[in-house]
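We count ligands from 1, going down the list as the structure has it; atoms in each ligand are counted the same way.
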Amino acid sequence: MIIVIKHGADKAQVENLKGLLKSKNIEPHVSQGSLQTVIGCVGDVAQIDPGLIEALDVVESVQRIQEPYKAANRKFHPDDTVVCAGEAKIGGGHFGVIAGPCSVESEAQIVEVARAVKAAGADMLRGGAFKPRTSPYSFQGLGKLGLDFLLTAKKETGLPIVTELMDFKDIELFNDVDVIQIGARNMQNFNLLKEVGAYTDKPILLKRGMSATLQELLMSAEYVMASGNPNVILCERGIRTFETAMRNTLDLGVVPVLRRSTHLPIIVDPSHATGYSYLVDPVSVAAAAIGADGLIIEVHNDPQRAKCDGAQSQTPAMFAATMARIRKTRAALS
Ligand code: PEP
Ligand code: MN
């Protein structure tokens, strides 16, 4: 962190600032120029709020030269993290596809979809049992019964299961779940992130909030990691912009941007990003081409009758065709 001091600043106040930094175990290195004085800070600056320093009378501006996230930072962990769930691997060259319905609706539905996505080459099965719905009158998910049906589908197919945890009070129901999803709406539910990070080292699929910056996403991953769980998968699922032609705006450029900043695997959700099933195939191919580590795709055996997100759900046949195109794309790029 570099602190630029205002021209003509009171010397005693600058000394006070140095004292404040030292009291936080930061070593201040002062460079006095003819026009400007700057203080270089050495030490654990992650604990300092730059806004507080900037608010001081003598301070012109504050620049961070190091990111506030450590555990997720590629600088301190140059090798890609590979997250494993059962036989499935995501990251470090392993491309993982998670597929399944938005929500678990019945045992027959989830087992049928699980078989179909497995046959098409999916690595994991998704399905929401606890659903974060915008309207309290919409289908809220089957809850514990939905988890039981997911476990049946896991037993039938061997696919690891991914499902969303909305409230930590339900965590014990998730003992046989392979990957815990934290949804976009909970990306900054810091208590949930801390609780889940301290409770388990199972993979956490962390979705980007719909108006979250990449730094905020990484700071949320940092909450899970700083609480003891290093197994975080980041998921780009589109953000909210002025555009209304699609459900969200897919920010695909984040894949190479995040790749530079973090060693964590990065996957893309083309279903929530676009909102329409016809867009899922081209966007999935683009995500694979730009270097994502995987995808999470909504697939329903009967999208028109889906209780949630039918318009964006692929049929099993569409999904199989997308998987074939992803394989070709990856082969062409390798
Ligand atoms: C979901 O995966 O079904 C979901 C609710 O996603 P998001 O949190 O990205 O909206
Ligand atoms: Mn959904």
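- The distance criterion of under 3.5 Å between nitrogen or oxygen atoms is met by Ala184 with respect to ligand 1.
- Between Arg208 and Asp251 there is a salt bridge, since at least one side-chain N of the basic residue sits less than 4.0 Å from a carboxylate O of the acidic one.
- In terms of N/O distances under 3.5 Å, ligand 1 is not approached by Asp309.
- Within the listing of ligand 1, atoms 7 (P), 8 (O), 10 (O) sit less than 4.0 angstrom from a heavy atom of Arg185.
- For His272 atom NE2 and Asp309 atom OD2, the angle they make at the Mn ion (ligand 2) is roughly 90°, to 10 degrees.
- With hydrogens left out, the protein atom closest to atom 4 (C) of ligand 1 is His272 NE2, 3.5 Å, a heavy atom.
- Classification of the Phe168-Tyr199 ring pair by plane angle, with boundaries at 30° and 60°, yields perpendicular.
- No other N/O/S atom of Glu298 lies as close to the Mn ion (ligand 2) as OE2 does.
- Of the charged side-chain nitrogens involved, at least one lies within less than 4.0 Å of a carboxylate oxygen, so that Asp281 and Arg325 count as a salt-bridged pair.
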Quiz item: Please walk me through it: do Glu298 and Arg126 pass side chain to side chain contact (heavy atoms under 4.5 Å, CB included)?
Solution: CA-CA 8 Å; Glu298 286 188 343; Arg126 66 152 286 151; 3.4 Å; yes
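- Ligand 1 lies out of reach of Gly128, whose nearest heavy atom is not under 4.0 Å from it.
- For the 3.5 Å distance criterion, the side chains of Gln314 and Thr322 qualify, holding a donor opposite an acceptor.
- Look at Lys144 and Asp170 and you find no salt bridge, because none of the NZ, NE, NH1 or NH2 atoms lies under 4.0 Å from a carboxylate O.
- At the top of the distance list for atom 6 (O) of ligand 1, counting protein heavy atoms only, stands Lys207 NZ, 2.9 Å.
- Contacts between Lys131 and ligand 1, counted as non-hydrogen atom pairs separated by less than 4.0 Å, involve the side chain only.
- Defined by atom type and a distance below 3.5 Å, a donor-acceptor pair is present between the side-chain atoms of His272 and Asp309.
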Exercise. Would you check, one step at a time, whether the test side chain to side chain contact (heavy atoms under 4.5 Å, CB included) holds for Val113 with His300?
Key: CA-CA 6 Å; Val113 177; His300 197 284; 5.5 Å; no
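- Distances below 4.0 Å separate heavy atoms of Gly183 from the following atoms of ligand 1: 8 (O).
- Every atom of ligand 1 with a heavy atom of Glu298 under 4.0 Å away is listed here by number and element: 3 (O).
- Within the 2.8 Å limit, Cys102 places at least one N, O or S atom next to the Mn ion (ligand 2).
- Near Cys102, meaning under 4.0 Å from one of its heavy atoms, ligand 1 places the atoms 3 (O).
- Counting protein heavy atoms only, atom 9 (O) of ligand 1 is closest to Arg237 NE, 2.7 Å.
- Residue Met210 places no heavy atom under 4.0 Å from ligand 1.
- In this structure, Glu156 pairs ionically with Arg115, as a charged nitrogen and a carboxylate oxygen lie closer than 4.0 Å.
- If you take CZ on Arg237 and CG on Leu205, they are separated by 11.5 Å, rounding to the nearest 0.5 Å.
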